[in-house]
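Taking it in order: structure first as structure tokens, then the write-up.
Throughout, numbering of the chain's residues begins at 1 and tracks the sequence. What you see is a predicted model, and the numbers here were worked out from it, not measured in a lab.
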Amino acid sequence: MVSVPGNYPGFAFGDKIYFEDTRDYEKILEIARNEQIDGIVTTGTDVAVVTIGKVCDALGLSGLSFEAGKTATDKMLMKQKYEEYGVRTARYRRISLMGAEKEKQQDSHSRFENQDKDSKFIEYLEKELEGLQFPLIFKAVDTSGSRGIVKAEDSSKFVEAYRAVRENTRKDYFIVEEFLEGEEFGAQSFVCRGEVQFILPHGDYVFQGDTGVPIGHWAPYELEQSVIEDAKEQLQKAVKAMGLDNCALNADFILSGGKPYVLEIGGRAGATCLTELVSLYYGYNYYEKIIQAALGLPVDFASEKACPNVGMLLRSENTGVIQEIVNRNDREDKQIVEIQFDYQVGDEVQAFRVGPHRIGHVVVQADTLEEAKHKMEEALGNIEVRVSIP
């Protein structure tokens with residue numbers, strides 16, 4: 001197991017732990033060679049995806065390639081590939097961070113001169129984005145968890161949106177794309193030997209901050225069969241465009257004008273209880289199947305089960321220290337699959353704004369989706385996390 005130090009429950013299960021930055025693919029490759037590993041995998045985060053591709057290529061392991069990993073973790077490269085292969089997606093522009101910074105430089109602290117600089121900067125972006133329709137989404141191309149992604153209803157939001165991107169990216173460019181009005185939904189999937197094995201659309205509970213941040217999901221998500229087939233076709237096109245193979249897929253779509261548009265696809269399983277969602281819905285251990293695929297073993301994703309379930313993040317409205325955690329739910333309740341707290345009394349937590357600010361999660365199941373949603377409301381009502389305010 002390899003990770004930077006942190007509050008990660010998986011450490012308790014590792015036979016051997018290396019505290020390393022998983023983005024350092026040369027170091028991770030060195031460890032993989034020394035350990036003579038048979039497979040490498042991650043889930044719920046894009047951070048290590050490029051590294052996995054590097055190790056798979058170098059050691060001949062089952063998994064996505066180095067080039068596919070780079071495409072899956074750079075929204076700009078992803079959009080270019082979608083455009084090239086005819087994947088239905090939102091229109092966009094690439095913006096040079098250096099070009100934008102040149103326009104944004106301020107030589108004086110005068111309030112009026114600063115306002116004038118902002119005005120020139122806005123004019124610069126308006127010219128670069130000519131032809132796109134508001135609202136627009138500013139996106140850092142190398143982040144996950146909705147960091148560095150901000151919606152701009154009009155040009156007055158350009159400066160704020162640009163600052164959010166700049167603070168969250170390691171690249172010298174970002175993208176701005178049209179915000180498609182419609183019904184956003186996600187899908188979990190797996191590609192094996194070039195073919196999409198299944199597609200499970202799911203509904204998303206969204207926290208509205210600077211942009212929409214997923215805080216929970218449910219399945220099944222009711223869509224017309226024609227829409228599901230269209231989404232699968234667009235997913236298969238996107239997978240081919242990105243060169244993804246032998247890996248889990250975390251896809252974001254938006255249904256606009258009756259057609260599904262691909263927003264982005266990650267070369268790993270989704271976070272926010274999405275691996276649990278697949279496991280419960282299909283009746284098998286999805287984590288186990290992801291690992292089997294990484295080991296190069298044959299994997300069967302067929303299932304006749306369809307169990308409605310809901311997963312939701314636990315969040316704090318305030319930044320501070322946890323003073324008390326109360327869980328009044330019945331431990332014998334079979335509809336409650338899991339309640340997990342990532343922090344304990346005395347730990348400091350952040351007011352929720354992006355995915356990594358989560359403080360735990362709840363997963364429930366039932367015979368119908370309506371029952372599952374009702375059980376989730378009940379379970380959340382029986383949980384209290386009291387956080388002190390500094």
Side-chain angles (χ1 to χ4, degrees), residues 38-44 46 49-50 52-53 55-57 59-73 77-89 185-202 219-221 223-253 255 259-270 274-275 277-306:
D38 297 310
I40 181 169
V41 71
T42 190
T43 186
D46 289 325
V49 168
V50 173
I52 288 173
V55 174
C56 285
D57 281 0
L59 302 185
L61 301 179
S62 175
L64 82 177
S65 68
F66 185 50
E67 289 302 316
K70 289 192 289 186
T71 302
T73 53
L77 298 178
M78 197 183 301
K79 296 289 282 191
Q80 287 178 329
K81 290 292 186 180
Y82 292 169
E83 193 172 57
E84 179 183 348
Y85 281 75
V87 179
R88 193 183 299 128
T89 191
F185 67 95
Q188 297 304 293
S189 186
F190 201 97
V191 57
C192 187
R193 297 181 296 280
E195 294 296 326
V196 171
Q197 300 298 302
F198 70 87
I199 179 170
L200 176 58
H202 51 76
Y221 185 64
L223 289 169
E224 292 183 8
Q225 190 59 37
S226 61
V227 173
I228 294 176
E229 291 302 318
D230 193 351
K232 187 171 182 177
E233 180 181 343
Q234 295 302 316
L235 181 64
Q236 186 73 60
K237 275 188 182 180
V239 163
K240 184 177 180 181
M242 298 167 68
L244 293 168
D245 203 1
N246 300 317
C247 64
L249 304 171
N250 180 50
D252 291 323
F253 292 92
L255 187 62
K259 295 182 177 181
Y261 287 72
V262 178
L263 296 178
E264 59 186 76
I265 296 173
R268 43 79 181 177
L274 283 168
T275 307
L277 177 140
V278 175
S279 296
L280 287 171
Y281 190 79
Y282 288 126
Y284 52 61
N285 187 326
Y286 190 38
Y287 285 111
E288 186 177 274
K289 290 188 181 290
I290 290 171
I291 292 170
Q292 288 173 342
L295 292 171
L297 300 174
V299 186
D300 182 6
F301 292 98
S303 173
E304 296 181 358
K305 187 177 180 181

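Residues forming a side-chain hydrogen bond (donor to acceptor under 3.5 Å, both in side chains) with D46 (at least two apart in sequence, or on another chain): R268. Every residue was checked against the side-chain hydrogen bond (donor to acceptor under 3.5 Å, both in side chains) condition with E288, not counting sequence neighbours, and none meets it. Every residue was checked against the ring pair (Phe, Tyr, Trp, His ring centres under 6.0 Å) condition with Y287, not counting sequence neighbours, and none meets it.
Remark: L249 CG to Q236 CD distance equals 9.5 Å, nearest 0.5 Å. Going from atom CG of L61 over to atom CG of L295 covers 9.0 Å, rounded to the nearest 0.5 Å. L274 CG to N250 CG: the interatomic distance, rounded to the nearest 0.5 Å, is 6.0 Å. Summarising the geometry, atom NE2 belonging to H202 is positioned 12.5 Å from atom OH belonging to Y281; distances are rounded to the nearest 0.5 Å. Here the CD1 atom belonging to I199 is positioned 10.5 Å from the CD atom belonging to Q234, to the nearest 0.5 angstrom. The CG atom of L200 sits 10.5 Å away from atom OG of S303, with the distance rounded to the nearest 0.5 Å.
Across all non-hydrogen atoms, the minimal contact from A293 to S62 is O-OG, 2.8 Å. Across all their heavy atoms, G270 and T43 have their closest contact at O-OG1, 4.4 Å. Residues G69 and V49 approach most closely at CA-CG1, 3.8 Å, considering heavy atoms. Here the closest heavy-atom approach between residue D230 and residue R88 is recorded as OD2-NH1, 3.2 Å. Residues G243 and A68 share a closest heavy-atom pair of O-CB, 3.4 Å.
Counting heavy atoms from C-beta outward, T89 and L263 have side chains that stay 4.5 Å or more apart. The shortest side-chain heavy-atom distance between I265 and L244 falls under the 4.5 Å cut-off.
Annotation: cation-pi geometry not satisfied between K289 and F190 (NZ/CZ under 6.0 angstrom from ring centroid, within 45° of ring axis).
Within 6.0 Å of CD in E84 there are more than 12 heavy atoms belonging to other residues, nucleotides or ligands.
For F198 and Y282, the ring centers are positioned less than 6.0 Å apart.
For the pair E229 and K232, the salt-bridge criterion is not met [side-chain N within less than 4.0 Å of a carboxylate O].
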